[in-house]
Amino acid sequence: MNKLGRATERAMGMSDTAWERHANPWSGWTRVAILPMLAIAIWSRVWIERWSLVPTVMLIAWIWINPRIFPRPKSIDNWMSQGVLGERIWLANEPGTVADHHIRITRVLTAVAGVGALVFISGLIWLNLAATLFGLAVTMLGKLWFIDRMVWIYREQTNVASIQE
(Lines give C-alpha, C1' and ligand atoms only; values in the text may rest on other atoms or scores of the structure.)
Protein backbone atom coordinates (compact mmCIF):
# COMPACT_ATOMS: atom_id res chain seq x y z
CA MET A 1 0.00 0.00 0.00
CA ASN A 2 2.59 2.52 1.06
CA LYS A 3 6.15 1.76 -0.03
CA LEU A 4 7.45 5.21 0.95
CA GLY A 5 5.90 4.91 4.41
CA ARG A 6 7.39 1.47 4.98
CA ALA A 7 10.79 2.66 3.73
CA THR A 8 10.60 5.59 6.16
CA GLU A 9 9.62 3.22 8.97
CA ARG A 10 12.67 1.04 8.22
CA ALA A 11 14.99 4.06 7.96
CA MET A 12 13.71 5.29 11.33
CA GLY A 13 14.39 1.85 12.83
CA MET A 14 10.88 1.60 14.23
CA SER A 15 10.97 -1.53 16.37
CA ASP A 16 7.98 -2.86 18.30
CA THR A 17 9.26 -1.02 21.37
CA ALA A 18 9.66 2.25 19.45
CA TRP A 19 6.08 1.98 18.16
CA GLU A 20 4.77 1.28 21.67
CA ARG A 21 6.58 4.35 23.01
CA HIS A 22 5.53 6.46 20.03
CA ALA A 23 1.90 5.69 20.93
CA ASN A 24 2.40 7.97 23.94
CA PRO A 25 0.36 11.08 23.07
CA TRP A 26 3.29 13.28 24.14
CA SER A 27 5.36 11.67 21.41
CA GLY A 28 2.75 12.29 18.75
CA TRP A 29 1.95 15.87 19.73
CA THR A 30 5.57 16.91 20.08
CA ARG A 31 6.18 15.58 16.57
CA VAL A 32 3.32 17.73 15.27
CA ALA A 33 5.24 20.75 16.56
CA ILE A 34 8.42 19.81 14.69
CA LEU A 35 7.46 21.22 11.27
CA PRO A 36 6.72 24.80 12.44
CA MET A 37 9.86 24.77 14.59
CA LEU A 38 11.87 23.45 11.64
CA ALA A 39 10.56 26.32 9.53
CA ILE A 40 11.80 28.82 12.11
CA ALA A 41 15.14 27.06 12.47
CA ILE A 42 15.76 27.01 8.71
CA TRP A 43 14.49 30.56 8.23
CA SER A 44 16.84 31.72 10.99
CA ARG A 45 19.70 31.46 8.52
CA VAL A 46 18.75 35.03 7.63
CA TRP A 47 19.53 36.21 11.18
CA ILE A 48 22.10 33.81 12.57
CA GLU A 49 23.57 32.46 9.34
CA ARG A 50 25.45 29.16 9.79
CA TRP A 51 24.36 28.90 13.42
CA SER A 52 20.91 28.03 12.07
CA LEU A 53 22.33 24.56 11.48
CA VAL A 54 22.40 23.96 15.25
CA PRO A 55 18.62 24.09 15.83
CA THR A 56 17.97 22.47 12.45
CA VAL A 57 20.19 19.47 13.24
CA MET A 58 18.74 19.25 16.76
CA LEU A 59 15.20 19.08 15.34
CA ILE A 60 16.19 16.46 12.78
CA ALA A 61 17.76 14.42 15.60
CA TRP A 62 14.56 14.88 17.62
CA ILE A 63 12.58 13.26 14.81
CA TRP A 64 14.56 10.06 15.38
CA ILE A 65 14.80 10.31 19.18
CA ASN A 66 11.15 11.20 19.75
CA PRO A 67 9.52 7.76 19.33
CA ARG A 68 12.09 6.29 21.71
CA ILE A 69 12.24 8.81 24.54
CA PHE A 70 8.71 8.74 25.91
CA PRO A 71 7.46 5.86 28.07
CA ARG A 72 4.75 3.52 26.85
CA PRO A 73 1.40 5.25 27.34
CA LYS A 74 -0.63 4.40 30.41
CA SER A 75 -3.71 4.46 28.20
CA ILE A 76 -4.33 4.47 24.47
CA ASP A 77 -7.83 5.83 24.98
CA ASN A 78 -6.99 9.06 23.12
CA TRP A 79 -6.95 10.33 19.57
CA MET A 80 -3.18 10.63 19.09
CA SER A 81 -2.32 7.18 20.49
CA GLN A 82 -4.94 5.55 18.31
CA GLY A 83 -3.70 7.52 15.31
CA VAL A 84 -0.15 6.24 15.82
CA LEU A 85 -1.37 2.66 16.26
CA GLY A 86 -3.58 3.00 13.18
CA GLU A 87 -0.57 4.18 11.19
CA ARG A 88 1.26 1.06 12.25
CA ILE A 89 -1.65 -1.05 10.98
CA TRP A 90 -1.63 0.93 7.71
CA LEU A 91 2.11 0.46 7.23
CA ALA A 92 2.01 -3.25 8.07
CA ASN A 93 -0.08 -3.69 4.90
CA GLU A 94 -1.43 -7.07 5.90
CA PRO A 95 -4.22 -8.28 3.60
CA GLY A 96 -7.69 -7.60 4.93
CA THR A 97 -6.60 -5.29 7.76
CA VAL A 98 -7.53 -1.98 6.11
CA ALA A 99 -10.98 -1.55 4.61
CA ASP A 100 -11.08 -0.46 0.97
CA HIS A 101 -12.87 2.81 1.80
CA HIS A 102 -9.70 4.03 3.57
CA ILE A 103 -7.18 3.35 0.83
CA ARG A 104 -8.01 6.07 -1.69
CA ILE A 105 -8.52 8.86 0.86
CA THR A 106 -5.34 7.91 2.70
CA ARG A 107 -3.39 8.12 -0.54
CA VAL A 108 -5.01 11.47 -1.36
CA LEU A 109 -4.14 12.84 2.09
CA THR A 110 -0.56 11.66 1.68
CA ALA A 111 -0.40 13.40 -1.70
CA VAL A 112 -1.88 16.60 -0.25
CA ALA A 113 0.72 16.60 2.53
CA GLY A 114 3.44 15.89 -0.05
CA VAL A 115 2.42 18.77 -2.31
CA GLY A 116 2.23 21.02 0.74
CA ALA A 117 5.73 19.89 1.72
CA LEU A 118 7.07 20.82 -1.73
CA VAL A 119 5.56 24.32 -1.44
CA PHE A 120 6.87 24.56 2.15
CA ILE A 121 10.40 23.57 1.13
CA SER A 122 10.31 25.95 -1.85
CA GLY A 123 9.24 28.78 0.44
CA LEU A 124 12.09 28.04 2.81
CA ILE A 125 14.64 27.88 -0.02
CA TRP A 126 13.54 31.19 -1.57
CA LEU A 127 12.61 32.83 1.73
CA ASN A 128 9.05 33.35 0.54
CA LEU A 129 6.93 33.75 3.67
CA ALA A 130 3.58 33.21 1.91
CA ALA A 131 4.75 29.96 0.27
CA THR A 132 6.34 28.76 3.51
CA LEU A 133 3.19 29.40 5.57
CA PHE A 134 0.83 28.05 2.91
CA GLY A 135 2.94 24.91 2.45
CA LEU A 136 3.17 24.46 6.21
CA ALA A 137 -0.61 24.78 6.59
CA VAL A 138 -1.37 22.35 3.75
CA THR A 139 1.21 19.84 4.98
CA MET A 140 -0.07 19.94 8.53
CA LEU A 141 -3.71 19.77 7.46
CA GLY A 142 -2.94 16.73 5.30
CA LYS A 143 -0.95 15.06 8.08
CA LEU A 144 -3.51 15.70 10.82
CA TRP A 145 -6.35 14.51 8.60
CA PHE A 146 -4.21 11.45 7.79
CA ILE A 147 -3.82 10.78 11.53
CA ASP A 148 -7.58 11.09 11.93
CA ARG A 149 -8.04 8.46 9.22
CA MET A 150 -5.51 6.26 11.05
CA VAL A 151 -7.67 6.54 14.19
CA TRP A 152 -10.60 5.28 12.13
CA ILE A 153 -8.50 2.38 10.82
CA TYR A 154 -7.34 1.53 14.34
CA ARG A 155 -10.88 1.57 15.71
CA GLU A 156 -12.21 -0.61 12.90
CA GLN A 157 -9.33 -3.06 13.24
CA THR A 158 -9.63 -3.39 16.99
CA ASN A 159 -13.42 -2.89 17.21
CA VAL A 160 -12.93 0.04 19.58
CA ALA A 161 -15.95 2.29 19.78
CA SER A 162 -15.50 6.00 19.23
CA ILE A 163 -14.44 7.73 22.38
CA GLN A 164 -15.36 11.12 23.72
CA GLU A 165 -12.19 13.20 23.66
Side-chain angles (χ1 to χ4, degrees), residues 1-76 78-91 105-151 153-154 165:
M1 256 185 248
N2 184 347
K3 291 179 185 177
L4 177 60
R6 286 192 307 276
T8 302
E9 178 185 28
R10 282 191 303 276
M12 288 284 297
M14 291 298 288
S15 65
D16 290 342
T17 302
W19 273 108
E20 289 170 7
R21 289 172 169 261
H22 188 36
N24 185 316
W26 280 98
S27 176
W29 286 115
T30 56
R31 281 180 68 103
V32 168
I34 289 172
L35 204 55
M37 292 188 326
L38 196 56
I40 294 167
I42 293 170
W43 199 283
S44 74
R45 74 184 190 269
V46 172
W47 311 295
I48 59 176
E49 298 170 353
R50 287 187 208 165
W51 286 103
S52 67
L53 290 174
V54 173
T56 301
V57 169
M58 288 174 62
L59 285 165
I60 291 168
W62 177 250
I63 292 169
W64 189 87
I65 293 166
N66 176 286
R68 293 160 179 81
I69 199 165
F70 293 97
R72 290 181 178 108
K74 292 181 173 145
S75 169
I76 58 169
N78 64 79
W79 185 82
M80 183 57 78
S81 293
Q82 292 180 11
V84 168
L85 295 171
E87 184 174 14
R88 188 167 190 203
I89 292 167
W90 169 257
L91 292 173
I105 187 65
T106 301
R107 289 179 179 161
V108 167
L109 293 172
T110 301
V112 166
V115 169
L118 291 174
V119 174
F120 174 69
I121 291 166
S122 298
L124 288 172
I125 290 170
W126 292 305
L127 296 174
N128 181 315
L129 185 59
T132 301
L133 293 176
F134 180 76
L136 176 64
V138 170
T139 301
M140 292 191 70
L141 175 67
K143 181 60 178 175
L144 289 170
W145 196 349
F146 173 88
I147 293 169
D148 191 62
R149 184 55 64 144
M150 297 300 106
V151 171
I153 289 170
Y154 172 80
E165 298 286 338

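Note that the structure is predicted; figures quoted are calculated from it, not measured.
- In this structure the side chain of Leu91 never reaches within 4.5 angstrom of the side chain of Met14, judged on heavy atoms.
- Under a cut-off of 6.0 angstrom, the local environment of CZ in Phe134 is sparse, with at most 12 non-hydrogen atoms contributed by other residues, nucleotides or ligands.
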Open item on the list: Could you go through Met80 and Val32, starting from their C-alpha distance and side-chain angles, then the distance that decides it, and tell me whether this counts as side chain to side chain contact (heavy atoms under 4.5 Å, CB included)?
Closed with: CA-CA 10 Å; Met80 183 57 78; Val32 168; 3.9 Å; yes
- [ ] Walk me through it: do Phe146 and Val112 pass the test side chain to side chain contact (heavy atoms under 4.5 Å, CB included)?
- [x] CA-CA 10 Å; Phe146 173 88; Val112 166; over 6 Å; no
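- Note on ring orientation: taking the six-membered ring where Trp is involved, the planes of Trp29 and Trp79 are parallel (angle under 30°, cut-offs 30° and 60°).
- A donor-acceptor contact closer than 3.5 angstrom links the side chains of Trp19 and Glu9.
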- [ ] Take Met150 and Leu85 through the test side chain to side chain contact (heavy atoms under 4.5 Å, CB included) and record every step on the way to the result.
- [x] CA-CA 8 Å; Met150 297 300 106; Leu85 295 171; over 6 Å; no
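- With a 6.0 Å cutoff to the six-membered ring centre and a 45° limit on the axis angle, Arg68 counts as a cation-pi contact of Trp64.
- Looking only at atom types and distance, the side chain of Asn128 has no donor-acceptor partner in the side chain of Ser122 under 3.5 Å away.
- Side-chain contact between Leu109 and Ile105 is present, with heavy atoms from C-beta onward closer than 4.5 Å.
- With a 6.0 Å radius and a threshold of 12 heavy atoms from other residues, nucleotides or ligands, Trp47 has its CH2 atom above the threshold.
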TODO: Check the pair Trp90 / Tyr154 against side chain to side chain contact (heavy atoms under 4.5 Å, CB included), numbers first and verdict last.
DONE: CA-CA 9 Å; Trp90 169 257; Tyr154 172 80; over 6 Å; no
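- In this structure the side chain of Pro25 reaches within 4.5 angstrom of the side chain of Pro73, judged on heavy atoms.
- Side-chain atoms of Asn24 and Ser27 form no donor-acceptor pair, as typed in the model, at a separation below 3.5 Å.
- Distance check, rounded to the nearest 0.5 Å: CD1 of Ile34 to CD1 of Ile60 gives 10.0 Å.
- Looking at Val138 and Phe120, their side chains never come closer than 4.5 Å, going by heavy atoms from C-beta outward.
- Salt-bridge annotation for Arg21 and Asp16: absent, with no side-chain N of the basic residue lying under 4.0 Å from a carboxylate O of the acidic one.
- With rounding to the nearest 0.5 angstrom, the NZ atom of Lys143 is 7.5 Å from the CZ atom of Arg31.
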